[in-house]
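Notes follow once the structure below has been shown.
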Amino acid sequence: MTRELLKGNVAIGEAAIRAGVQAYFGYPITPQTELLEYMAWRMADLGRVFLQAESEIAAINMVYGAACTGARVMTSSSSPGFSLMQEGLSYIAASDVPAVVVDMMRGGPGLGNILPSQGDYFQVTRSAGHGDYRPIVLAPASVQEAIDLTMLAFDLADRYRHVVILAADGQIGQMMEPAELPPMQPLTAAPPWALRGAQGRAPNRISSLYMHAESAEAANRRIQSRLSQIRQYEQRSLEYATEDAELLVTGYGTAGRIALSAVQAAREQGLKVGLLRPLTLFPFPEERLSVLADRVQACLVVEMNAGQMLDDVRLAVGGQIPVEFYGRMGGVVPMPDELLTVISRMYRRVAAPA
Amino acid sequence: MLQEITPVMLPVYERPAALAGVHTHYCPGCTHGIAHRLVAEALDELGLREQTIMVAPVGCAVFAYQYFEMDGCEAAHGRAPAMATGIKRLLPDRTVLTYQGDGDLASIGIAELIHAAARGEPFTTIFVNNAIYGMTGGQMSPESLEGQRTSSTPGGRDVQRTGFPLKVCELIAGLEGTAYVVRRSLHDVASIRKAKKAIVTALKVQQAGAGFSLVELLSTCPTNWGLTPADALTWVEEHMLPQYPVGDYKVSAAALRAAAG
């Protein structure tokens, strides 16, 4: 395989195709529209299903229907459109059907703007819809990771029969980087629970409706048991220079990537700073963070929002060390120098007091 | 010697194979039961039960997927046409049905219905119109008649404040994607027979891939109308039929060919 110059949105589309996505339903919204446009011709060329829906509400419910047939299916959107998908996502999760959804996050709240943001962290990790469940959430920081995590998203969705969200900020969708695509995978066969007509078998029925409290609680327990398995096996994160770090910086996606530059610069200045970059936002890599919290003096959370993953970090470190936050909002992307200043100040204050 | 006569029992009426052998939760006198049976008989006659997927709505028919002996699912409120689109696009050779009430289809789900119809999605919608929200206890629906008393229009529907009844067949018949759009009624035997024929035709239109098909069925809600089952049937005839005339609102050339075939 060769590396090629790929735009994030296009790379995600092609990765989904190579993972065997059989249907894409979507609605135009910046900054993810190139993904929809790419799928429009590429899926048609391959004889697979592409449909531009009349709204994100329709798109997610088309995904729900298509997922019920046992096919690998996806949609993509950006923050305001993703908000419109909440109801459908909840039905999908409650029905145990796999689906992959891309949220190319933009500045909010409200109409906000089309610039990169991580303002949807709560929305994607806490439930992404009504009721008690959490989707699996993957957070790429480069075009290559967007490809790799898209492939993983389909595998995890099938393995757990669960909703997987690829949560990237708009910068990941818009930028071009050299990256390598995986080979084309064969399409997956329909599983036995799929709705394809009850030919020679008892009917399959897919629903999220439970009239009695006990049966609804049993359904909730089934989802929670799935989530606890996901928590146990699927926590993923990357680290840099954490072995002897006094100050741990943590951030995901573009914020995590810029934080790496700042941490490397801090190391050049002799500051013992390390980085933990979560790849999974749910399950949050709490085990690894808890281990690191035993070693470091303090933790700095960097996000492109007002402090959302911050809550998960605080839960994971359990009050063992001070946790501070630095964030930019509304589509402002922090600069490495800016983060270096924050890191240096905090390091002098909490990690290596004079 | 006398010959012993063995009585022979011939079935003259039985449960269609496409109907599940379960009790339904519908109220006495509700015409959902008739509508279910007609759909099941039509599927049986065309031999489609084993290749059909039904999408149930939110509303009184929320359990429809359990009442039919075939693959089925339960959509979010109003989203059945979007869900059916997803299924039909993946499985174009299967028969796909949505079964929706008037709150589900004409209010919260009107966008999904219109766009599925405009795209000419080749699935069939059974639209059960009883001019009220049944499941939530009798509120005004877009189909409620002018002056109709409901729990949210206690003084009767005032069209100056709540708008006018939304005539779905008339609305979508003008869309190029629709192949077969008809309104029938379930208030008497003759009407029920015509309704059955329309459902068979709609399924044939779907099989021919001729476009979107919809059969509206004027139905009763004795419980929320505050009428006896018999009076409810009369109410359909006297009040609904003049507002919602039965008839064929769209039969495309392709639908005509499919119906004849």
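Chain identifiers are assigned alphabetically (A, B, ...) following the order of the sequence lines, protein sequences preceding nucleic acid strands; residue numbering begins at 1 within each chain. What you are looking at is a predicted structure, and each value in this text was computed from that prediction instead of being measured.
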Exercise. Under 4.5 Å heavy-atom distance to chain A, tell me which part of R94(B) shows up: side chain, backbone, both or neither.
Key: side chain
Quiz prompt | Residues R79(B) and E87(A) bridged, charged N to O under 4.0 Å | solution = yes
Quiz item: What are the two closest non-hydrogen atoms of Y91(A) and E74(B), and how far apart are they?
Solution: CE2-OE1, 4.2 Å
Practice problem: Below 4.5 Å from any heavy atom of chain A, which atoms of Q51(B) appear? Answer side chain, backbone, both or neither. | Solution: backbone
Exercise. Working to the nearest 0.5 Å, report the span between OG1 of T69(A) and CD1 of I87(B).
Key: 7.5 Å
Quiz item: Under a 4.5 Å cut-off applied to non-hydrogen side-chain atoms, are R201(A) and D71(B) in contact?
Solution: yes
Quiz prompt | Spatial distance of atom CG (N204(A)) from atom CD1 (I53(B)) [nearest 0.5 Å] | solution = 10.0 Å
Practice problem: Rounded to the nearest 0.5 Å, what's the gap from NE2 on H115(B) to CG on L51(A)? Could you check? | Solution: 11.5 Å
Quiz item: Hey, which of M54(B), R119(B), K88(B) has the most heavy atom pairs under 4.5 Å with chain A?
Solution: R119(B)
Quiz item: What part of A67(A) lies closer than 4.5 angstrom to a heavy atom of chain B: side chain, backbone, both or neither?
Solution: neither
Quiz prompt | Test item: N61(A) side-chain N/O and M83(B) main-chain N/O as donor-acceptor pair under 3.5 Å | solution = no
Quiz prompt | Euclidean distance, L90(B) CG relative to M62(A) CE, rounded to 0.5 Å | solution = 12.0 Å
Quiz item: Looking at G86(B), A20(B), A118(B), A56(B), which has the largest count of heavy-atom pairs under 4.5 Å with chain A?
Solution: G86(B)
Quiz item: What part of V96(B) gets closer than 4.5 Å to chain A, counting heavy atoms only: side chain, backbone, both or neither?
Solution: neither
Self-check item: Heavy-atom pair of closest approach, residues A58(A) and E112(B)
Solution: N-OE2, 4.2 Å
Quiz prompt | Rounded distance [0.5 Å steps], CD in E50(B) versus CZ in R196(A) | solution = 15.5 Å
Quiz item: If you look at every heavy atom in R89(B) and V49(A), which pair is closest and at what distance?
Solution: O-CG2, 3.4 Å
Self-check item: Atom group of A111(B) that falls short of 4.5 Å from chain A, counting heavy atoms
Solution: backbone
Exercise. Report, as yes or no, whether the 6.0 Å neighbourhood of atom OH on Y27(A) holds more than 12 heavy atoms from other residues, nucleotides or ligands.
Key: no
Quiz item: Is the number of heavy atoms from other residues, nucleotides or ligands under 6.0 Å of E176(B) CD greater than 12?
Solution: no
Self-check item: chain B contact via I60(A) - which portion, at a heavy-atom distance below 4.5 Å
Solution: neither
Quiz item: Can any side-chain N or O of R205(A) pair as donor or acceptor with the backbone N or O of Y65(B) at less than 3.5 Å?
Solution: yes
Quiz item: Does I230(A) CD1 have over 12 foreign heavy atoms under 6.0 Å away?
Solution: yes
